[in-house]
Protein chains: 2
Amino acid sequence: MTSTEQRPVWAEHAAQALAEAGYRRGGARRAILELLDEQSCALSAVEIQEALSRRNRDVSRSSVYRVMEELEEIGLLQRVEIGQGMVRYEPVRSGPGHHHHLVCDRCGRLQPFTDDGLERAIRRLSDRVPLHVSEHEIVIHGACETCAAA
Amino acid sequence: MTSTEQRPVWAEHAAQALAEAGYRRGGARRAILELLDEQSCALSAVEIQEALSRRNRDVSRSSVYRVMEELEEIGLLQRVEIGQGMVRYEPVRSGPGHHHHLVCDRCGRLQPFTDDGLERAIRRLSDRVPLHVSEHEIVIHGACETCAAA
DNA sequence: CAAAAGACGAGACACGGTCTTATAAAGGAT
DNA sequence: ATCCTTTATAAGACCGTGTCTCGTCTTTTG
Ligand SMILES: [Zn+2]
Ligand SMILES: [Zn+2]
Ligand SMILES: [Zn+2]
Ligand SMILES: [Zn+2]
């Protein structure tokens, strides 16, 4: 995965994009942006709220969901549905940062992967199929190496 | 999709498999089995409950979920997570009935598809990836033809 | 600085799903 | 057939995640 970029760039970029999209700046949004940018892995809404709370920067539930919505709208955030109704969010870093996820159903670990074969298959598939494919985010389930060993 | 099989076969098969697995027979389970067998498309838990209620065969919420769990356990039922935390269930008819789903994000329509390219990609992928892939059920999102036209 | 628009927080609410418990039904033994 | 044990079921309390409403606070703009 692309991990060469410096950390604060996404938050900056996102803040700017939000401004250009006509949003004002506010404390909650800023805090959320910064938190997300620091994370290497996707967070759930509650995780975001709790993490911020731990830093004495409390943010309301409504704010978390509202900001998630805004960010997803502008394409700065990827929503990852990991099953059982659980949803996590992660920054979309660069343009070609497209990737998918592996979820360990035992410990819940989430890791990204890319695969050209899969992308090709999906591209070809979307021509043949009676559906105007919008976005795709594939989640593969299984047991991670640590869990599989046990 | 394989649609040549007569209808009541799955329910029979399922009932037998359950018996062999040591489950007793009970009214609720039987009713659910029959309902599922009649469906051409996957149903949600509430849909199951409501459909049965309309036939004056009320079934408790717990029963629906319990039976879903049992059936999934024995591999007779496929759980389909269609996003937004929504889950649907459908009979696994024959052995090689493996397929995936297209979901229209506007009207909610659900349709099955198979694609060898996709299967191949996933098979190769699962060798290369640090995860012991268990099962896979891919859900592709988009707009169905009717909705796309509008 | 004042008014207007937008951001925010608090909490009520909706909904899918889980857990608990008392009752009913099945299966086996006599 | 009857009794006993075990499992299945119904009813409803409960929980977590996400939505909605609304009053207040903050940012922006004139
Ligand atoms: Zn694991
Ligand atoms: Zn992709
Ligand atoms: Zn549609
Ligand atoms: Zn498949």
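None of these values were measured; they are calculated from a predicted model. Convention: sequence-line order gives letters A, B, ...; per-chain numbering from 1.
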Residue-level proximity of residues 50-63 of chain B to DNA chain C when a heavy atom falls under 4.0 Å:
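Contacting residues: B:Arg61, B:Ser62.
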
Report task. Could you say whether B:Gly26 or A:Gly27 is positioned toward the 5' end of DNA chain D, judged by the nucleotide with the nearest heavy atom to each? Result ->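 Taking each residue's closest nucleotide, the earlier one in sequence belongs to B:Gly26.
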
May I ask you to verify if any side-chain N or O of A:Tyr65 is less than 4.0 angstrom from the OP1 or OP2 atom of D:dT19?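 No.
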
Exercise for the section: Please state whether the phosphate of D:dT9, meaning OP1 or OP2, lies under 4.0 angstrom from any side-chain nitrogen or oxygen of B:Arg24. Expected result: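 Checking B:Arg24 against D:dT9: no side-chain N or O falls below 4.0 Å of OP1 or OP2.
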
Nearest-Å distance for atom pair [atom1]/[atom2], residues [X] and [N]:
X	N	atom1	atom2	answer
B:Arg88	C:dG17	CZ	P	11 Å
B:Arg30	C:dA25	CZ	P	18 Å
B:Glu69	D:dT9	CD	P	13 Å
A:Gln49	C:dG9	CD	P	9 Å
A:Arg25	C:dC8	CZ	P	12 Å
A:Ile32	C:dA7	CD1	P	13 Å
A:Met68	C:dA7	CE	C1'	15 Å
A:Ile48	D:dG18	CD1	P	10 Å

**Check: B:His100/B:Glu119 side-chain N/O donor and acceptor closer than 3.5 Å** =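 Result is yes, a qualifying pair exists.
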
Judged by modelled atom types alone, do A:Glu137 and A:His101 share a side-chain donor-acceptor pair under 3.5 Å?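 Short answer, yes.
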
Minimal non-hydrogen separation, B:Leu102 against A:Pro130, with atom names: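 That would be CD1-CD, 4.0 Å.
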
*Please determine, for the side chain of B:Tyr23, which listed nucleotide (C:dG17, D:dA8, C:dG9) has the closest atom?*
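Ranking C:dG17, D:dA8, C:dG9 by closest atom to the B:Tyr23 side chain puts D:dA8 first.
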
Whether B:Asp37 and B:Arg93 form a salt bridge (side-chain N of Lys/Arg under 4.0 Å from carboxylate O of Asp/Glu) is what I want to check.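 Looking at B:Arg93 and B:Asp37, the cut-off is met.
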
*Sugar-phosphate only, base, or nothing, as touched by B:Arg66 at under 4.0 Å among non-hydrogen atoms*: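 Counting heavy atoms under 4.0 Å across all strands, the contact made by B:Arg66 includes a base.
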
- Using side chain to side chain contact (heavy atoms under 4.5 Å, CB included) as the criterion, list what pairs up with B:Ser60, not counting sequence neighbours.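 For B:Ser60, the residues satisfying side chain to side chain contact (heavy atoms under 4.5 Å, CB included) (neighbours in sequence not counted) are B:Ser62, B:Ser63.
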
Pairs involving residues 11-22 of chain A, ordered by first then second residue, that meet side chain to side chain donor-acceptor pair (under 3.5 Å) (sequence neighbours left out):
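For residues 11-22 of chain A, and leaving out neighbouring residues, the side chain to side chain donor-acceptor pair (under 3.5 Å) pairs sorted by first residue read A:Gln16-A:Glu20.
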
For B:Tyr89 and A:Arg29, take the nucleotide of DNA chain C holding the closest heavy atom to each; which residue's nucleotide lies nearer the 5' end?
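Counting from the 5' end, the first nearest nucleotide belongs to A:Arg29.
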
Transitive ILVMFWY side-chain link A:Leu52 to A:Trp10, under 4.5 Å
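Same cluster.
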
